[in-house]
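Below is one structure, written out as structure tokens; comments come after it.
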Number of protein chains: 2
Amino acid sequence: MGATKTDFYSEDQNKLSVIAKALGHPARIAIVDYLLKVDTCICGDIVSELPLAQATISQHLRELKNAELIKGTIEGTAICYCINKTTLNIFADYLSLVGQRLEMDKTNCCP
Amino acid sequence: MGATKTDFYSEDQNKLSVIAKALGHPARIAIVDYLLKVDTCICGDIVSELPLAQATISQHLRELKNAELIKGTIEGTAICYCINKTTLNIFADYLSLVGQRLEMDKTNCCP
DNA sequence: ATATAATATTGCAATATTACGATGAAATCA
DNA sequence: TGATTTCATCGTAATATTGCAATATTATAT
């Protein structure tokens, strides 16, 4: 066991969980935060920002890229990364939808 | 190895990643979706909705509860679960903040 | 061509997650 | 009381994740 039964779930459910999972590690949240802080796509210098080995960060970047949360373009010997707004919005939209639904039906729910 | 270095990251980063991680499985997204669909807190019948054993679902519910994404109250022999709006908003707010920042600085970023 | 810089990949160990059957605990009903 | 229902927990197996050192790859500079 230990393998997720993805077949049962809807496309949306699987997609959303992939995005959430990619954000489900503090290092990857930190990478997103850093990408935001530097106000432009970053070319290099992520490694010096985090207390992780270069190999580990490369791995985290790959997972963010697999989830399409970031995209990277080669720029000489460096690689420029930036946030993929489209993917981020998929998740943001989902959450705001859930939020709206919750506003509407405040049927006598758990206190 | 295999243990996350949570010490380095900010409280926010850790908290956000915990919430995201809890949503990082299609079964747990499906549970949230179901909680939303039934328009009230649900008492029972999650097990029949998903192709998972009762023990497994109980485990998923526990993780959602640990992340404070849902809360449950005992109701006779059943337990009523519903979404914890507060926690959900923490994540929704984070994403909309990121979204706003991305709108502002569209400095020549990766194409 | 060689050296250098930046990032990726591989291989591996430690740990975490996912899933299930079996069992346990608490409330309700006959 | 004993049976039933509902959910939680324990134990365990399969698989995934995390992190790093070592090595490979790719592009630039000399």
Side-chain angles (χ1 to χ4, degrees), chain A residues 1-9 13-14 17-31 34-35 41-67 69-82 110, chain B residues 1-9 13-14 17-31 34-35 41-67 69-82 110:
Chain A
M1 319 291 154
T4 298
K5 291 181 169 179
T6 68
D7 285 10
F8 172 81
Y9 309 103
Q13 288 171 337
N14 280 314
S17 72
V18 166
I19 299 171
K21 191 175 194 173
L23 292 172
H25 192 289
R28 295 195 286 269
I29 293 279
I31 287 173
Y34 184 63
L35 277 169
C41 56
I42 65 176
C43 311
D45 71 355
I46 307 191
V47 175
S48 51
E49 278 294 310
L50 295 177
L52 296 171
Q54 181 265 327
T56 306
I57 290 178
S58 186
Q59 214 172 245
H60 282 307
L61 288 169
R62 184 173 50 193
E63 287 188 53
L64 286 169
K65 209 158 38 173
N66 282 346
L69 271 163
I70 62 174
K71 43 190 175 177
T73 53
I74 298 171
E75 193 85 15
T77 100
I79 292 196
C80 293
Y81 282 112
C82 58
C110 321
Chain B
M1 320 292 151
T4 299
K5 291 181 171 179
T6 68
D7 284 10
F8 172 81
Y9 309 102
Q13 288 171 337
N14 280 315
S17 71
V18 166
I19 299 171
K21 192 176 194 172
L23 293 172
H25 192 289
R28 295 195 287 267
I29 293 279
I31 288 173
Y34 185 61
L35 277 169
C41 57
I42 65 176
C43 310
D45 71 355
I46 308 190
V47 174
S48 51
E49 278 295 311
L50 295 176
L52 297 171
Q54 181 265 327
T56 307
I57 290 178
S58 186
Q59 214 171 242
H60 283 306
L61 287 168
R62 184 173 50 193
E63 287 189 53
L64 286 169
K65 210 159 36 172
N66 282 345
L69 271 163
I70 62 175
K71 43 190 173 176
T73 53
I74 299 171
E75 193 85 14
T77 102
I79 292 197
C80 293
Y81 283 110
C82 58
C110 321

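Note that this is a predicted model, so its numbers are computed, not measured. All chains are named by letter (A, B, ...) in the order of the sequence lines, taking the proteins before the strands, and each is independently numbered beginning at 1.
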Closest contact, heavy atoms only, [X] versus [Y]:
X: B:Leu69; Y: B:Ile19; answer: CD1-O, 3.8 Å
X: B:Ala22; Y: B:Leu64; answer: O-CD2, 3.9 Å
X: A:Gly72; Y: A:Lys65; answer: N-CD, 4.4 Å

Below 4.0 Å: OP1/OP2 of D:dT6 and any side-chain N or O of B:Tyr81: no

For A:Lys21 and D:dA16, is the shortest distance between a side-chain N/O and OP1 or OP2 below 4.0 Å? no

Test log, rule side-chain contact (heavy atoms from CB on, under 4.5 Å), inputs A:His60 and A:Leu52: CA-CA 10 Å; A:His60 282 307; A:Leu52 296 171; 4.0 Å; yes

Just how far, in rounded Å, is [atom2] of [N] from [atom1] of [X]?
X: A:Leu52; N: D:dG19; atom1: CG; atom2: P; value: 6 Å
X: A:His25; N: C:dA16; atom1: NE2; atom2: P; value: 11 Å
X: A:Leu50; N: D:dT18; atom1: CG; atom2: C1'; value: 14 Å

Value rounded to 0.5 Å, distance of CZ in A:Arg28 from CD in B:Gln13: 13.0 Å

The reported gap from OG1 in B:Thr56 to CG in B:Leu50 (rounded to nearest 0.5 angstrom) is 10.5 Å

Just to be sure I follow the notation: if a pair is Watson-Crick (purine N1 to pyrimidine N3 plus N6-O4 or O6-N4) or a G-U wobble (N1-O2 and O6-N3), each under 3.5 Å, what dot-bracket string does DNA chain D give, with | for pairs to another strand? ||||||||||||||||||||||||||||||

base_contact_polar (C:dA6 base, A:Gln54 side chain, donor-acceptor, <3.5 Å):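 Checked by distance alone, the answer is no.
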
Hey, can you pull the residues of residues 55-63 of chain A with a non-hydrogen atom under 4.0 angstrom from DNA chain D?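 Within residues 55-63 of chain A, the residues near DNA chain D are A:Ala55, A:Thr56, A:Gln59, A:His60, A:Glu63.
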
